[in-house]
Amino acid sequence: MSFQVDGTSFLDPFVVDVDLDNGAMPNATNHLVRRASNMRGYYQDEKALEALIADGDPLHYEVFEVPVPEEYGHLMYCISKLQPGRVGDEFFMTKGHYHTVLQTGEIYLGLRGEGYMVMKTPDGVFNSQPIARCKMVYVPPYWAHRSVNVSDEPLVSFCVYPGDAGHNYGDIVEQGFPKGVFLEDGKVVVK
Ligand code: F6R
Ligand code: ZN
């Protein structure tokens, strides 16, 4: 059967395997891989990032998806796996984005590792919330979001968001976030 009502496609139900321990979807058809070299312009210490790139360009993070139509009514979902590490004193993080449809939120359920979801509004209000196993972060509509790993194992989370949300990376490339997450005197500091 194939039809749409008001632009929302009919789909048959399906099931997806999720590897909670390793942070993967074994049958993912979308597997996004970001290495250190994909993160130029995001970290404060550019020299430290270049040194990391020269030293084998390590894996930074992966996103696994079995996509659904990018339409109102559908729910996109993913497993995000962010490696542990630092660029200088700044903990590894994802690029971060607004949703293109700004009035769409997202849920992140922590599965493994520990870190923060750092968030900002278009007018520069900042917020950060802890992510860890058994914690669910609610990212409300309008908030740009980026995850940061402060643990020594991969930060794995499950996310779900409206299918038509879309991703706007450009505004974060231009604006950055007001605060980052750093190791300072042996402590994790959001500053
Ligand atoms: C989707 C979402 C996550 C991130 C993923 C990678 O809306 O927020 O799936 O896309 O954690 O982070 P970014 O997109 O910042 O590279
Ligand atoms: Zn998002």
Side-chain angles (χ1 to χ4, degrees), residues 16 18-20 22-25 28-43 49 58-72 74-85 87 90-122 126-133 135-151 153-181:
V16 169
V18 180
D19 183 338
L20 296 182
N22 292 316
M25 277 185 201
T29 40
N30 284 357
H31 179 206
L32 178 98
V33 177
R34 300 252 186 251
R35 297 190 168 275
S37 55
N38 300 120
M39 299 302 291
R40 287 190 171 103
Y42 285 92
Y43 288 99
L49 182 66
L59 182 63
H60 226 72
Y61 61 96
E62 293 161 276
V63 182
F64 300 86
E65 294 172 340
V66 177
V68 296
E70 294 182 16
E71 298 167 353
Y72 174 81
H74 283 284
L75 295 172
M76 194 71 99
Y77 55 89
C78 72
I79 288 284
S80 163
K81 182 177 188 180
L82 172 60
Q83 294 300 318
V87 175
E90 196 170 8
F91 287 101
F92 277 12
M93 61 193 188
T94 62
K95 291 185 171 189
H97 58 264
Y98 288 101
H99 290 162
T100 311
V101 179
L102 203 53
Q103 63 274 29
T104 53
E106 184 157 348
I107 281 175
Y108 274 80
L109 176 65
L111 298 173
R112 180 179 167 193
E114 284 180 33
Y116 288 91
M117 183 66 69
V118 297
M119 292 165 277
K120 66 162 284 201
T121 62
F126 179 83
N127 192 296
S128 67
Q129 299 294 332
I131 318 180
R133 189 169 178 83
K135 284 194 191 297
M136 188 213 80
V137 179
Y138 183 64
V139 180
Y142 308 111
W143 289 80
H145 41 286
R146 154 184 289 167
S147 36
V148 184
N149 187 355
V150 303
S151 66
E153 61 179 324
L155 177 68
V156 178
S157 37
F158 173 78
C159 70
V160 58
Y161 57 100
D164 60 339
H167 294 89
N168 166 3
Y169 290 95
D171 285 356
I172 293 301
V173 170
E174 277 176 26
Q175 304 161 6
F177 278 74
K179 294 182 186 183
V181 187

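Counting convention: from 1, in listed order, for ligands and their atoms alike.
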Between the Zn ion (ligand 2) and [X], which N, O or S atom of the residue is the nearest one?
X	result
H145	NE2
H99	NE2
E106	OE1

Would you please classify the geometry between the H31 ring and the F64 ring as parallel, tilted or perpendicular, with 30° and 60° separating the classes?
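Correct class here is parallel.
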Can you tell me the protein heavy atom closest to [atom] and the distance?
atom	answer
atom 15 (O) of ligand 1	G96 N, 2.7 Å
atom 5 (C) of ligand 1	V63 CG2, 3.7 Å
atom 11 (O) of ligand 1	S80 OG, 3.1 Å
atom 9 (O) of ligand 1	C78 SG, 3.0 Å
atom 2 (C) of ligand 1	E106 OE2, 2.9 Å
atom 12 (O) of ligand 1	T94 CB, 3.4 Å
atom 10 (O) of ligand 1	H97 CE1, 3.5 Å

Under 4.0 Å to a heavy atom of [X] - the qualifying atoms of ligand 1, by number:
X	answer
Y161	1 (C), 7 (O)
C159	3 (C), 9 (O)
H145	8 (O)

Residue selection (non-hydrogen contact nearest atom 8 (O) of ligand 1) among Y108, Y61, F158, Y169:
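Ranked by closest heavy atom to atom 8 (O) of ligand 1, first place is Y108.
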Region of H99 that comes within reach of ligand 1 [heavy atoms, distance under 4.0 Å]
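Side chain only; the backbone of H99 stays clear of ligand 1.
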Residue portion contacting ligand 1 (non-hydrogen atoms closer than 4.0 Å) for M76:
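Neither; no heavy atom under 4.0 Å.
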Yes or no on ring pair (Phe, Tyr, Trp, His ring centres under 6.0 Å) for H145 and Y161, after CA distance, side-chain angles and deciding distance?
CA-CA 12 Å; H145 41 286; Y161 57 100; 8.1 Å; no
Do [X] and [Y] have side chains that get closer than 4.5 Å, going by heavy atoms?
X	Y	value
L155	I131	yes
M117	W143	no
E106	V160	no

Answer yes or no: are there more than 12 heavy-atom neighbours, outside [X] itself, under 6.0 Å from its atom [atom1]?
X	atom1	answer
Q175	CD	yes
E90	CD	yes
Y72	OH	no

Report yes if some N/O of H167 lies less than 3.5 Å from some N/O of ligand 1; otherwise report no.
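Between H167 and ligand 1 (N or O atoms, distance only) the closest approach is under 3.5 Å.
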Could you tell me if Q129 and K135 have a donor-acceptor pair between their side chains, going purely by distance under 3.5 Å?
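Side chains of K135 and Q129: no pair found under 3.5 Å.
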Please confirm whether R146 approaches ligand 1 to less than 4.0 Å, judged on its heavy atoms.
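Flag not set, R146 not near ligand 1.
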Can you tell me if C159 has an N, O or S atom under 2.8 Å away from the Zn ion (ligand 2)?
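No N, O or S atom of C159 is closer than 2.8 Å to the Zn ion (ligand 2), so no.
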State the OH-OH distance between Y169 and Y98, to the nearest 0.5 angstrom.
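Rounded to the nearest 0.5 Å, the OH-OH separation comes out at 14.0 Å.
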Using a strict threshold of under 4.0 Å (side-chain N to carboxylate O), is an ion pair present between R34 and E62?
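Between R34 and E62 there is no salt bridge, as every charged N stays at least 4.0 Å from the carboxylate O atoms.
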Side chain to side chain contact (heavy atoms under 4.5 Å, CB included) between V137 and Y116: does it pass, once the steps are laid out?
CA-CA 9 Å; V137 179; Y116 288 91; over 6 Å; no
